[in-house]
Amino acid sequence: MYPLRRNRRLRTTPAIRHLVRETIITPSDFLVPLFVVEGKGIKEEIASMPDYYRLSLDNLEKEVKELWNMGLCAVLLFVKVPERLKDNKGTEAVNKDGLMQRAIKAVKTACPEMLVMTDVALDPYSSYGHDGIVGAGQILNDDTTEVLAEMSVSHALAGADFVAPSDMMDGRILTIREALEDEGLVNTGIMSYSAKYASAFYGPFRDALDSAPVDKINVPKDKSTYQMDSANRFEALKETLMDIDEGADIVMVKPGLCYLDIVREIKNEVDVPVAVYQVSGEYAMLKAAVEKGWLDHDAVMMEQLIAIKRAGANIIASYFAKDAVKLMG
Ligand code: PBG
């Protein structure tokens with residue numbers, strides 16, 4: 001009872017605040033998304049993601065060495081595929097000499113201990129900008145999961161430690177797990193985007209990879225027949241538990257900040273690590289406000305990252321990873 005318990009005693013100095021702090025962010029919390037392009041010497045800034053770049057393989061190698069030296073030891077790879085290699089079947093996605101497959105090898109050569117995760121979905125390879133194969137105005141579920149399984153095996157053979165299916169087809173975790181087991185790739189993990197919402201926060205990412213759904217007759221104009229409705233909470237748990245049953249080693253909630261209630265809900269229910277993806281739109285919002293002089297970049301960034309971890313994230317995929325670690329000193 002007051003005045004015996006004065007809560008402010010625990011806030012009087014930096015030392016006591018530090019001693020009683022419940023949530024601490026460290027470099028090992030982060031998964032760093034990286035965008036890869038063909039070419040040499042390329043480091044091009046993404047228009048809607050200030051200070052974030054598409055890298056050619058030589059610069060990718062430099063970048064992962066730098067990340068490793070900063071204590072960042074896990075990356076999540078995405079590739080920007082030239083338009084002429086796109087089709088409706090993901091043919092290029094399973095090319096063993098494709099950009100993703102070469103990128104995995106480049107990272108492992110430059111930095112063998114770096115944990116490499118790869119995005120598995122068809123959108124960067126799709127002439128329609130969808131995560132799956134389009135047929136009769138729909139995204140064909142079971143045809144797509146077969147390609148995703150083949151793609152996963154191809155990434156694993158190139159050296160990926162984890163595949164990260166981001167497509168939200170039904171049953172894809174089981175199909176991928178079985179395909180990996182059949183190939184003897186028993187140690188390749190699966191980080192499933194389990195509760196991935198049909199979100200408007202992915203806009204800048206689609207600019208980065210030129211992967212937005214195209215506006216064409218008989219092509220769904222958005223991803224709402226496979227990604228989740230942002231209004232749904234219980235469905236997130238159902239999706240996540242099913243993915244764990246099918247063999248997911250890590251589950252993910254995406255986007256981050258608007259969905260921290262979902263993160264906590266899932267964290268309370270599951271016994272596997274929970275990842276959160278702080279997505280491109282979240283990054284862009286803060287950068288834009290900072291450009292206007294309206295928010296303090298470092299303070300808001302750290303507050304957001306701590307909120308994500310406090311909500312229950314064991315792993316944070318974030319474009320702010322480097323900035324945050326620099327701040328940790
Ligand atoms: C591809 C994929 C997307 C993101 C990650 N993987 C885009 C989408 O689903 O349309 C978004 C990441 C971000 O916005 O930072 N399936």
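Read the numbers this way: they start at 1 and go in the same order the structure lists the ligands and their atoms. All values below come from the heavy atoms of this structure, side chains included, with hydrogens, waters and symmetry mates left out.
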Given Asp167, Asn88, Val219, Asp222, the one that forms side-chain contact (heavy atoms from CB on, under 4.5 Å) with His130: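 The side-chain contact (heavy atoms from CB on, under 4.5 Å) with His130 is passed solely by Val219 among Asp167, Asn88, Val219, Asp222.
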Consider side-chain contact (heavy atoms from CB on, under 4.5 Å). Of Val120, Asp243, Asn141, which one does Arg172 pass it with?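 It is Asp243, the one option of Val120, Asp243, Asn141 that forms the side-chain contact (heavy atoms from CB on, under 4.5 Å) with Arg172.
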Is a side-chain donor-acceptor pair under 3.5 Å present for Glu66 with Asn69?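 No, no side-chain donor-acceptor contact under 3.5 Å.
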Cut-off 3.5 Å, side chains only: do Ser154 and Gln101 have a donor facing an acceptor?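 Yes, side-chain donor-acceptor contact under 3.5 Å.
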Per-atom contacts of ligand 1 with [X], taking only distances under 4.0 Å to non-hydrogen atoms:
X	answer
Gln227	8 (C), 9 (O)
Lys254	2 (C), 3 (C), 4 (C), 5 (C), 6 (N), 11 (C), 12 (C)
Ser166	1 (C), 2 (C), 6 (N), 16 (N)
Lys223	8 (C), 9 (O), 10 (O)

Backbone, side chain, both or neither: what part of [X] comes under 4.0 angstrom of ligand 1, heavy atoms only?
X	value
Asp131	side chain
Ala121	side chain
Phe78	side chain

When the ring planes of Tyr277 and Tyr319 are compared, do they come out parallel, tilted or perpendicular, using 30° and 60° as the limits?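 It falls in the tilted class, 30° to 60°.
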Check the angle between the aromatic planes of Phe35 and Tyr52 and answer parallel, tilted or perpendicular using the 30° and 60° thresholds.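 If you compare the ring of Phe35 with that of Tyr52, the planes turn out perpendicular.
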Find out whether Leu305 and Met301 are in side-chain contact, i.e. whether some heavy atom of one side chain is under 4.5 Å from a heavy atom of the other.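 Counting from C-beta outward, Leu305 and Met301 do come under 4.5 Å.
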Report yes if the side chains of Pro204 and Ile46 come closer than 4.5 Å at any heavy-atom pair, otherwise no.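 SC-SC contact between Pro204 and Ile46 ruled out.
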Could you establish whether Glu282 and ligand 1 come within less than 4.0 Å of each other, counting only heavy atoms on the residue side?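 Outside the 4.0 Å threshold, so no.
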Any heavy atom of Tyr277 closer to ligand 1 than 4.0 angstrom?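 Flag set, Tyr277 near ligand 1.
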Between Asp123 and ligand 1, does any nitrogen or oxygen pair lie at a separation below 3.5 Å?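 N/O-N/O distance below 3.5 Å exists for this pair.
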Within-cut-off N or O pair, Asp167 and ligand 1, under 3.5 Å: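 No; every N/O pair is 3.5 Å or more apart.
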Taking the basic N atoms (NZ, or NE/NH1/NH2) and the acidic carboxylate oxygens, is any pair closer than 4.0 Å for Lys322 and Asp51?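 Judged by the 4.0 Å cut-off on N to carboxylate O distance, Lys322 and Asp51 do not form a salt bridge.
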Look at [atom] and say which protein heavy atom is nearest, naming residue and atom and giving the distance to 0.1 Å.
atom	answer
atom 3 (C) of ligand 1	Phe205 CE2, 3.2 Å
atom 14 (O) of ligand 1	Ser280 OG, 2.7 Å
atom 9 (O) of ligand 1	Lys196 NZ, 2.6 Å
atom 15 (O) of ligand 1	Tyr319 OH, 2.6 Å

Would Phe320 and Phe30 count as a close aromatic pair, with their ring centres under 6.0 Å?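 No.
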